[in-house]
Number of protein chains: 2
Amino acid sequence: MWIPIQINENSAEPLYHQIETQLKSLIISGTIAEGTLLPSIREFAGDLKCSVITVRRVYQDLEVQGLLRTKQGTGTFVSHVGEGAMEEYKRVAVEKALENAVDTALSVQCGEEELNEIFRKIVKDKYGEAK
Amino acid sequence: MWIPIQINENSAEPLYHQIETQLKSLIISGTIAEGTLLPSIREFAGDLKCSVITVRRVYQDLEVQGLLRTKQGTGTFVSHVGEGAMEEYKRVAVEKALENAVDTALSVQCGEEELNEIFRKIVKDKYGEAK
DNA sequence: TATACTGTGTATAAAGATATACACAGTAAG
DNA sequence: CTTACTGTGTATATCTTTATACACAGTATA
């Protein structure tokens with residue numbers, strides 16, 4: 001099975017992290033269906049031209065997050081992520097990220113109005129791109 | 001001169017970073033007036049119970065960011081940060097933080113409406129606290 | 001100009017993050 | 001029960017981040 005992961009060799013972002021975020025996104029978006037048997041760590045490592053250990057780390061991390069379920073000798077599968085759980089998962093991720101940003105705004109004494117304005121601009125840009 | 005910096009020994013946040021963000025905040029907010037001669041790196045290190053080198057790093061970082069100006073043999077001073085520059089500075093910091101958050105939202109397929117809703121909630125919480 | 005302050009340059013220690021190899025253990029199917 | 005796949009545990013190499021010491025250089029003033 002082929003998983004579409006793009007590695008940016010030049011990026012400062014660690015290899016395992018690039019793989020992890022992209023794979024996570026594929027699972028959360030439902031692009032890879034629940035129950036799917038993912039490539040073995042060796043096969044995937046071959047595709048990505050990285051070591052088996054790096055892929056293992058990704059699988060382990062995502063298993064801890066409840067997105068994968070793994071069984072020695074058999075393989076690694078995409079877990080069942082219920083609609084509710086998935087919504088919750090997304091919400092928590094977004095909340096954390098936004099809290100962080102708002103904390104930054106507070107730390108530089110940015111007013112509520114200005115914050116709102118900047119937010120609207122960025123959302124418009126980013127969500128516009130995607131359309 | 002006494003600068004109110006709170007060090008959290010248990011935090012995973014590096015020492016130099018805790019000092020840097022707090023000092024930066026004091027400068028940007030105008031709590032420490034422009035032109036103020038800051039404590040020498042040795043005196044400050046004594047107050048904070050850290051090494052002189054760590055304080056030096058903070059002063060250097062903030063100097064690169066244009067918030068401090070330093071002169072060997074004399075000391076380190078708070079630079080003149082014009083209203084315009086300060087506004088610009090705050091804006092860039094907040095923009096970066098928000099872009100990051102919105103990227104996260106996109107990566108988990110969070111819709112625009114949901115994002116807005118979460119944002120409003122967090123802003124209300126955080127800005128409410130301060131009132 | 002001696003002295004008692006300033007900051008600086010260079011070197012290095014300690015810890016954590018990143019990525020790896022290799023021998024080991026479970027599973028399934030002929 | 002052998003074979004050819006799965007994942008696992010342990011050890012280690014490399015790099016970056018964080019934090020430090022110490023000898024050095026500039027400044028001001030008595």
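Order of the sequence lines fixes the chain letters, A, B, ..., with proteins taken first and strands second; residue numbering starts at 1 for each chain.
At least one side-chain heavy atom of Tyr127(B) sits less than 4.5 Å from a side-chain heavy atom of Leu115(A). Using a 4.5 Å heavy-atom threshold, the side chains of Ile32(B) and Leu23(B) count as touching. For the pair Ile7(B) and Lys49(B), the minimum side-chain heavy-atom distance is 4.5 Å or more.
Taking the side-chain hydrogen bond (donor to acceptor under 3.5 Å, both in side chains) definition, one finds that Tyr89(A) meets it with Lys24(A), Gln65(A), sequence neighbours left out.
At whole-Å resolution of the value, NE2 in His17(A) and C1' in dA19(C) are 16 Å apart. Between the P atom of dG26(C) and the CD1 atom of Ile41(A) lies a distance of 16 Å, rounded to the nearest Å. Spacing between atom CG of Asp61(A) and atom P of dA17(C) amounts to 12 Å, rounded to whole angstrom units. To the nearest angstrom, P of dA4(C) lies 18 Å from CD of Glu43(B). Going from atom CD of Glu20(A) over to atom C1' of dA19(C) covers 14 Å, rounded to whole Å.
On the nucleic acid side, DNA chain D has its first and last nucleotide under 4.0 Å of a heavy atom of chain A at dT6(D) to dT10(D), going 5' to 3'.
For the pair Glu87(A) and Lys90(A), the salt-bridge criterion is met [side-chain N within less than 4.0 Å of a carboxylate O].
Note: Phe44(B) and Tyr59(B) have tilted aromatic rings, judged against thresholds of 30 and 60 degrees for the angle between ring planes.
Along DNA chain C, the nucleotide closest to Ser40(B) and the one closest to Ser51(A) are compared, and the more 5′ of them pairs with Ser40(B).
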